Amino acid sequence: MDKKNIVYLSASRIKTFESCSWLYWCKYGLKLPDTTNAGAQKGSLCHLILELLLKPRHKKHFDAITKLSDMEASEAVKRLAIKHLKNYGIYDDEHYQDVRDMILVGLNYDFFGEKGTLESPEYEFRIENENPKYCVMGYIDKAISYKKDKKMLIADYKSGKKKFEGEELESNIQAMVYSLASRKIWPRLKPIVRFIHLKYGENPIQELEYSQDALKGFEYYLEAIYNQMEKFDEKTAKGNLAADKPFPKKDEGFKGPLQCGFAKYEGQIKKDGSPMWHCAYKFAFDYYVVEDKTGKVLYSSKDENELKNKLKKGQKIVKKNYGGCPAHNSKSIDLI
């Protein structure tokens, strides 16, 4: 396997690839600047706080918070939350309270794995398999081994508004990737994936287990996806558009045309005065990239000044134009 040209699969890459080929091309092929939302930013902040509280030197903050059932019992954690929310530009009472509530949910349910052995938080894994051929990587929020019970509990925090349901629950890509990685890294322990939905004060847990046969079949699925990604280009990027798919059924989650959003133009306003949501790559925009000496795009942003602060010797900033999604733009698109 050529180490220089390895395409590592991940749960998020696979999910993006399956949901919309153009979205995948924009994010991983063109490396267009991505936009995030308040929900994702709050989720990242909660992940950071929960990761820090797992460290032994921060145990006093965990004790203070759980004793009073309030994140504000730790002045340091409170300052950290406010600082990040301000940096994100979303600091207000509603968002702050949301983080405050989610942290408490995350600290419950055997946070330290008292009867097991806690592995390193944000455990990184990289698997390069030859037969079937695939490469996969990812980060596990928290892995706890219970050797007496011969199981490995993989905990993953979710900050979305909805739990998984239907096919998204039964054949969850992320859970299967985690389970497969666990089988490779800790072969004597049975993997159990525990999703902790931080938005749910009551019943936030969903647990999934997969048989060895199911995971073996999943490996061949990964091989098929891996082969497609190795040959992926602009032409194939137009072959599996979210806009061309049927609207999802009730238990099929956020997919199909819903991913495009219903805005007809950039900045369209809803009746309540708020901006109408749409896919970040639905409409055209100008942007800037940092290229190395070979012309390879390293990263991008809509803000040129943001890139100037990251520029290193031998690199340059280039202005580019993105023509919009082919499903919503009849004009010819020049992306090079």
Side-chain angles (χ1 to χ4, degrees), residues 1 3 6-16 28 40-59 61-62 77 80 84 102-103 105-130 134-160 164 172-198 204-212 214-216 218-219 221-222 225-226:
M1 194 174 288
K3 300 288 185 180
I6 290 179
V7 177
Y8 281 99
L9 305 178
S10 68
S12 59
R13 268 185 176 250
I14 295 170
K15 187 173 181 179
T16 302
Y28 301 107
Q41 290 169 325
K42 288 185 290 185
S44 296
L45 175 56
C46 288
H47 274 77
L48 173 62
I49 292 173
L50 293 171
E51 179 186 349
L52 289 173
L53 289 175
L54 278 174
K55 298 182 183 297
R57 67 177 183 273
H58 295 146
K59 182 67 162 54
H61 299 290
F62 168 85
V77 174
L80 179 68
H84 279 74
M102 287 194 287
I103 291 301
V105 175
L107 292 180
N108 291 323
Y109 305 98
D110 196 15
F111 184 67
F112 289 104
E114 300 293 350
K115 297 180 180 180
T117 301
L118 180 65
E119 303 294 332
S120 174
E122 283 294 303
Y123 189 98
E124 180 182 8
F125 61 86
R126 290 175 182 265
I127 298 171
E128 298 169 12
N129 207 72
E130 287 293 345
Y134 64 85
C135 297
V136 66
M137 66 168 289
Y139 296 88
I140 296 173
D141 288 342
K142 184 169 61 178
I144 305 170
S145 59
Y146 298 88
K147 294 182 180 177
K148 184 178 179 181
D149 297 326
K150 296 182 179 182
K151 70 177 184 179
M152 174 62 73
L153 180 65
I154 300 165
D156 188 77
Y157 302 114
K158 294 296 177 191
S159 57
F164 298 119
N172 189 281
I173 295 294
Q174 187 176 21
M176 297 190 85
V177 167
Y178 285 163
S179 297
L180 179 61
S182 180
R183 283 287 189 188
K184 300 285 186 181
I185 302 167
W186 303 286
R188 297 183 179 181
L189 303 177
K190 182 179 181 180
I192 300 172
V193 177
R194 172 182 287 177
F195 290 120
I196 305 173
H197 295 271
L198 302 178
I205 303 297
Q206 287 183 305
E207 288 189 349
L208 296 170
E209 297 181 39
Y210 300 99
S211 67
Q212 290 199 36
L215 293 180
K216 190 62 181 178
F218 182 63
E219 286 192 278
Y221 164 79
L222 290 180
I225 295 292
Y226 184 81

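Note that the structure is a prediction, hence the values are computed from the model and not measured. The chain is numbered in sequence order, starting from 1.
With a 4.5 Å cut-off on side-chain heavy atoms, Asn129 and Tyr226 do not count as touching. Contact annotation: the side chain of Tyr221 never approaches that of Met176 to less than 4.5 Å [non-hydrogen atoms, C-beta and beyond]. Side-chain contact check for Val7 versus Cys135: every heavy-atom pair is 4.5 Å or farther apart. Annotation: side chain of Lys190 is in contact with side chain of Arg183 (closest heavy-atom distance under 4.5 Å). For the pair Val77/Ile103, no side-chain contact is recorded, criterion being any heavy-atom separation below 4.5 Å from C-beta on. You'll find the side chain of Leu222 reaches within 4.5 Å of the side chain of Ile14, heavy atoms only. Inter-residue side-chain proximity for Phe125 and Tyr178 is flagged as met; some heavy-atom pair is nearer than 4.5 Å. Looking only at side-chain heavy atoms (C-beta outward), Phe218 and Ile173 come within less than 4.5 Å of each other.
A distance-only check finds no donor-acceptor pair linking the side chain of Tyr210 to the backbone of Ile192 [under 3.5 Å]. Looking at Lys115, its side chain never comes within 3.5 Å of a backbone N or O of Asp110 through a donor-acceptor pair. Between the side chain of Ser179 and the backbone N or O of Ala175, at least one donor-acceptor pair lies under 3.5 Å. With Glu122 contributing its side chain and Glu51 its backbone, the two residues share no donor-acceptor pair below 3.5 Å.
Of all non-hydrogen atoms in Leu107 and Leu53, the two that sit nearest each other are CD2-CD1, 3.8 Å. Across all non-hydrogen atoms, the minimal contact from Leu80 to Leu45 is O-CD1, 4.4 Å. Residues Gly106 and Phe111 come closest through the heavy atom pair O-CD1, 3.3 Å. Between Pro191 and Glu209, the shortest heavy-atom contact is O-CG, 4.2 Å. Heavy atoms only, all atoms of each residue included: Ala143 and Trp186 are closest at CB-CH2, 4.1 Å. Taking all atoms of both residues into account, the shortest heavy-atom contact from Lys142 to Tyr157 is NZ-OH, 3.3 Å.
Rounding to the nearest 0.5 angstrom, the gap separating the CG atom in Leu208 from the CZ atom in Phe164 is 8.5 Å. Distance OG/Ser159 to CD/Gln41: 11.0 Å, rounded to 0.5 Å. Once rounded to the nearest 0.5 Å, the distance linking CD1 of Ile196 with CE of Met102 reads 13.5 Å. Atom CD1 in Ile127 sits 11.0 Å away from atom CE in Met137 (nearest 0.5 Å). The CG atom of Asp141 sits 11.5 Å away from the SG atom of Cys46 when rounded to the nearest 0.5 Å. With values rounded to the nearest 0.5 angstrom, Leu189 atom CG is found 10.0 Å from Asp149 atom CG.
For the pair Arg13 and Tyr28, the cation sits on the ring face: its NZ or CZ lies under 6.0 Å from the ring centre, inside 45° of the axis.
Taking the six-membered ring where tryptophan is involved, the planes of Phe195 and His197 are tilted, since the angle between them lies from 30° to 60°.
In this structure, Lys184 pairs ionically with Glu219, as a charged nitrogen and a carboxylate oxygen lie closer than 4.0 Å.
With Leu52 as the partner, the side-chain contact (heavy atoms from CB on, under 4.5 Å) test is satisfied by one option alone out of Ile49, Leu50, Leu48: Leu48.
Between Phe112 and Phe62, a ring centre-to-centre spacing shorter than 6.0 Å is recorded.
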Report the C-alpha distance between Thr117 and Ile144 in whole Å, list the side-chain angles of each, state the deciding distance to 0.1 Å, and finish with yes or no for side-chain contact (heavy atoms from CB on, under 4.5 Å). CA-CA 5 Å; Thr117 301; Ile144 305 170; 5.9 Å; no

Lys158 vs Gln174, test: side-chain contact (heavy atoms from CB on, under 4.5 Å). Steps then yes/no. CA-CA 12 Å; Lys158 294 296 177 191; Gln174 187 176 21; 2.4 Å; yes

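More than 12 heavy-atom neighbours from other residues, nucleotides or ligands sit within 6.0 angstrom of CD on Glu124.
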